[in-house]
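Worksheet for the structure shown next.
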Amino acid sequence: MTLSKESTDFLQNLRLYLFSSGKNEEETEDIILELSHHLWDAEQDGKSVHHIVGQSPKAYMESLSSEMKPDLMGWLKYLPMIILGVFAYSLLGDAIHGNIAYSAYTLIGMPIFIMVMLLILLSLFRVVAARQLSGLALLTLFIPYNLLSIGGFVALVFLEKNTETKLFVVSGGLYSLSGLLSALVAITFLVAISIWSKTWVSILIPIFLYSPEVVVDFFSMSQSAALVVSTLISYGAIGLYIWLVMRKLNKEAA
């Protein structure tokens, strides 16, 4: 059963809208499957998506969402994984750099900031899905969000570096037993996230970001040269990975 691009795009937007509205994933997929059959039947009769959902896809999504119960417990399982995942990245990087020391700004402020940004992101997803935005409109919506995210993290890092009172400190980095154990805990958690999410991203990104730094340390380079080389390798590898993923997706869509 192959649907038209219009019907396929609508179903993808509906899935995104219901997902970002906190609805049960299994119930959402059942609705998507049933609706896809209705759209297929309508297309065989020469009718468009609007014959099934009406002239306002946004109103249809809102009406359907209001009839479904929110799946709070299903959503809460993602929140600890996201927060601990961010901490795992930070802990691994700090262990490699030999500077594991966190104040309340990181231990308390970071989870609060992540939750706020996640709520904003879900709201943006609903806007994108309901209004079926793409291209320039999508960029216009998410560029401010990205700037806010970066600005928030930079502010937290600045506050962290300028705070003397640390609540969690591990000295020595990878050259100490406690630092090595911290890195192993972070790696274990990132691997667990990868298995849980069935994707390599949580493993590949820290490899791309941190392994060049470790390798460069074995060569006699100035600090500035080592920084430039490791940065070029890291972002070059990330760019190559994104290109390969996009290439694969384009082949599957063709």
Side-chain angles (χ1 to χ4, degrees), residues 76-118 146 149-242 244-245:
L76 286 177
K77 68 182 180 182
Y78 293 107
L79 192 58
M81 297 296 286
I82 294 172
I83 294 175
L84 292 176
V86 172
F87 270 112
Y89 278 114
S90 178
L91 181 60
L92 180 59
D94 290 339
I96 292 173
H97 298 142
N99 183 32
I100 303 176
Y102 302 134
S103 71
Y105 286 114
T106 294
L107 298 178
I108 300 175
M110 185 67 75
I112 294 175
F113 178 71
I114 291 172
M115 287 188 287
V116 170
M117 295 309 299
L118 183 59
N146 290 334
S149 300
I150 294 170
F153 277 112
V154 170
L156 284 171
V157 170
F158 176 80
L159 291 170
E160 179 65 52
K161 289 184 178 297
N162 288 275
T163 301
E164 295 183 0
T165 304
K166 304 296 182 181
L167 303 180
F168 179 77
V169 179
V170 176
S171 303
L174 294 178
Y175 298 100
S176 68
L177 178 60
S178 55
L180 184 59
L181 289 175
S182 297
L184 290 175
V185 168
I187 292 172
T188 301
F189 193 80
L190 291 173
V191 171
I193 291 178
S194 178
I195 296 172
W196 175 71
S197 62
K198 299 179 182 179
T199 175
W200 287 91
V201 174
S202 62
I203 295 177
L204 292 178
I205 296 300
I207 289 176
F208 293 154
L209 286 177
Y210 301 132
S211 58
E213 296 183 27
V214 177
V215 173
V216 167
D217 284 343
F218 286 98
F219 297 92
S220 299
M221 291 186 184
S222 65
Q223 186 174 1
S224 58
L227 178 62
V228 170
V229 172
S230 62
T231 300
L232 289 174
I233 295 175
S234 294
Y235 288 98
I238 292 173
L240 178 61
Y241 173 71
I242 293 174
L244 291 172
V245 171

What is the minimum heavy-atom distance between S182 and L91, and which atoms define it?
O-CD2, 3.4 Å
For side-chain contact (heavy atoms from CB on, under 4.5 Å), just list the numbers for Y102 and D94, CA-CA rounded to whole Å, side-chain angles, deciding distance to a tenth of an Å, and then say yes or no.
CA-CA 10 Å; Y102 302 134; D94 290 339; 2.6 Å; yes
Could you check whether any side-chain N or O of S194 sits under 3.5 Å from a backbone N or O of L190, counting only pairs where one atom can act as donor and the other as acceptor?
no
I193 CD1 to T188 OG1 distance, which is reported to the nearest 0.5 Å
11.5 Å
Of all residues at least two apart in sequence or in a different chain, which pass the ring-ring contact (aromatic ring centres under 6.0 Å, His included) check with F153?
F113
Given the rule in the side-chain contact (heavy atoms from CB on, under 4.5 Å) test, do V191 and I203 qualify, once you have shown the distances and angles that lead to the verdict?
CA-CA 6 Å; V191 171; I203 295 177; 4.2 Å; yes
Output side-chain donor-acceptor pairs under 3.5 Å for residues 81-88, partner residues at least two apart or in another chain, one line each.
none

So which heavy atom on K166 is nearest to which on S103, and how close?
CD-N, 4.1 Å
